Amino acid sequence: MKNKIIIPSSIDEINSVYNWLELQLKERVDMTLCQTILLVAQEITTNAVLHGNQLVPDKFVTIEFEISSTSILIKITDEGNGIKELPSKKEAEELDYLAENGRGLKLAVLMSDKIEVDGSSTKILFKI
Ligand SMILES: Nc1ncnc2c1ncn2[C@@H]1O[C@H](COP(=O)(O)OP(=O)(O)O)[C@@H](O)[C@H]1O
Ligand SMILES: [Mg+2]
C-alpha cells in the first residue's frame, strides 16, 4: 500500500504531515514503532522545509508512505540541493541530547533500520 502528501514549505504544515502519517500508521504498527517513525519523519520533514526549500512557499515537500508485510518506507523529497552527508552510526551515537542544532539526522540514523540520500530525496526504512 502506498500513499503520499505534498505540502508547501511552511512550518505550519509540519503538523499536518504528522497527523496524516499518524493516520497511516495507526492500527498497522505498534505504538512504540509509530512514535519512532513520527519523530524521525518530523525531523526530516522540518529539514526539507527549512534547509531544503528554505521556507519558500511555492517550493513543495513530498512525503511518501509505503507499507509491506515486513517494512515501512518513508521517502521525503524537497526542491533543494540535498543533504551533503549523513552522520555515521558512530557520529550519531555521540549525539548531544541537549544541543539545539544537529540532532535531526543523528536521530534518524540511530532510530531507523536504514537511511539513504538520493539527490534531494531521503529514504528511511523501518522493519515491522
Ligand atoms: N533537506 C535538506 N537539504 C539540504 N541540507 C540539509 C537537509 N537536511 C539537512 N541538511 C543539512 O544537514 C544539517 C544537519 O541537519 P540536522 O541534523 O537536522 O540538524 P539541524 O536541522 O538542527 O541543523 C543541516 O544543518 C543542513 O545543513
Ligand atoms: Mg533538523
Side-chain angles (χ1 to χ4, degrees):
M1 199 278 286
K2 274 188 185 184
N3 217 337
K4 73 173 173 185
I5 185 173
I6 301 174
I7 57 157
S9 299
S10 145
I11 290 296
D12 296 340
E13 297 289 335
I14 311 276
N15 209 30
S16 53
V17 173
Y18 188 97
N19 293 335
W20 172 81
L21 196 53
E22 192 177 32
L23 216 64
Q24 309 303 310
L25 293 165
K26 228 165 70 177
E27 288 158 23
R28 295 200 174 105
V29 301
D30 67 47
M31 215 175 80
T32 310
L33 181 59
C34 177
Q35 295 303 323
T36 298
I37 296 173
L38 287 170
L39 177 59
V40 171
Q42 197 168 10
E43 290 289 346
I44 301 301
T45 304
T46 305
N47 282 351
V49 165
L50 281 180
H51 304 306
N53 290 350
Q54 311 201 321
L55 291 172
V56 176
D58 61 354
K59 287 189 176 179
F60 292 85
V61 175
T62 304
I63 299 95
E64 292 168 86
F65 172 85
E66 189 173 350
I67 186 165
S68 72
S69 57
T70 54
S71 65
I72 285 174
L73 183 70
I74 312 277
K75 184 176 172 188
I76 298 175
T77 306
D78 61 49
E79 299 188 49
N81 299 324
I83 301 169
K84 283 204 193 74
E85 202 173 20
L86 285 172
S88 66
K89 266 254 154 66
K90 188 173 176 291
E91 284 164 340
E93 279 160 7
E94 284 154 14
L95 169 72
D96 175 356
Y97 294 91
L98 297 179
E100 280 178 24
N101 298 103
R103 99 193 144 158
L105 293 181
K106 288 180 178 173
L107 279 179
V109 166
L110 289 175
M111 297 178 84
S112 66
D113 290 300
K114 195 176 167 193
I115 177 165
E116 250 174 41
V117 175
D118 177 13
S120 58
S121 289
T122 307
K123 278 194 241 173
I124 321 148
L125 184 111
F126 300 88
K127 289 184 190 150
I128 299 182

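In this text the structure is predicted, and so the values were computed from the model without any measurement. Start at 1 and go down the list; that is how both ligands and their atoms are numbered.
Close approach to N101 involves these atoms of ligand 1, each under 4.0 Å from a residue heavy atom: 22 (O). Short contacts between ligand 1 and G82, defined as distances under 4.0 Å to a heavy atom of the residue, involve ligand atoms 3 (N), 4 (C), 5 (N).
A distance of 10.5 Å separates CD of Q42 from CD1 of I76, quoted to the nearest 0.5 Å. The distance from the NZ atom of K123 to the CD atom of E64 is 9.5 Å, given to the nearest 0.5 Å. Taken from CG in L23 to OH in Y18, the straight-line distance is 12.5 Å, to the nearest 0.5 Å.
Note on ligand 1: I83 sits in its first shell, one or more heavy atoms being nearer than 4.0 Å. Taking 4.0 Å as the cut-off, R103 counts as a neighbour of ligand 1 on heavy-atom distance.
In this structure, the protein non-hydrogen atom closest to atom 6 (C) of ligand 1 is H51 CB, 3.6 Å.
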Run L73 and I124 through side chain to side chain contact (heavy atoms under 4.5 Å, CB included) and show every step you take. CA-CA 6 Å; L73 183 70; I124 321 148; over 6 Å; no

Step by step, would you call L55 with I11 a side chain to side chain contact (heavy atoms under 4.5 Å, CB included)? CA-CA 8 Å; L55 291 172; I11 290 296; 4.0 Å; yes

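For atom 11 (C) of ligand 1, the nearest protein heavy atom lies 4.0 Å away or farther. Checking atom 27 (O) of ligand 1 against the protein gives no heavy-atom contact under 4.0 Å.
Closest heavy-atom approach to atom 19 (O) of ligand 1 among the candidates P87, G102, A108: G102. Comparing I44, L105, T77 by heavy-atom distance to atom 17 (O) of ligand 1, the nearest is L105.
Only the side chain of D78 comes within 4.0 Å of ligand 1, judged by heavy-atom distances.
The residues E43 and R103 are annotated as salt-bridged, a charged nitrogen and a carboxylate oxygen being separated by less than 4.0 angstrom. Between K89 and E93, none of the side-chain N atoms (NZ, or NE/NH1/NH2) sits under 4.0 Å from a carboxylate O, so this pair counts as no salt bridge.
Distances from the Mg ion (ligand 2) show that N47 has an N/O/S atom below 2.8 Å.
By the 3.5 Å distance cut-off applied to N or O atoms, N47 is counted among the residues near ligand 1. The N/O atoms of E43, backbone and side chain alike, include none that comes under 3.5 Å of an N/O atom in ligand 1.
Side-chain atoms of N3 never come within 3.5 Å of backbone atoms of F65 as a donor-acceptor pair (strictly under, hydrogens ignored).
Using a 4.5 Å heavy-atom threshold, the side chains of N47 and L105 count as touching.
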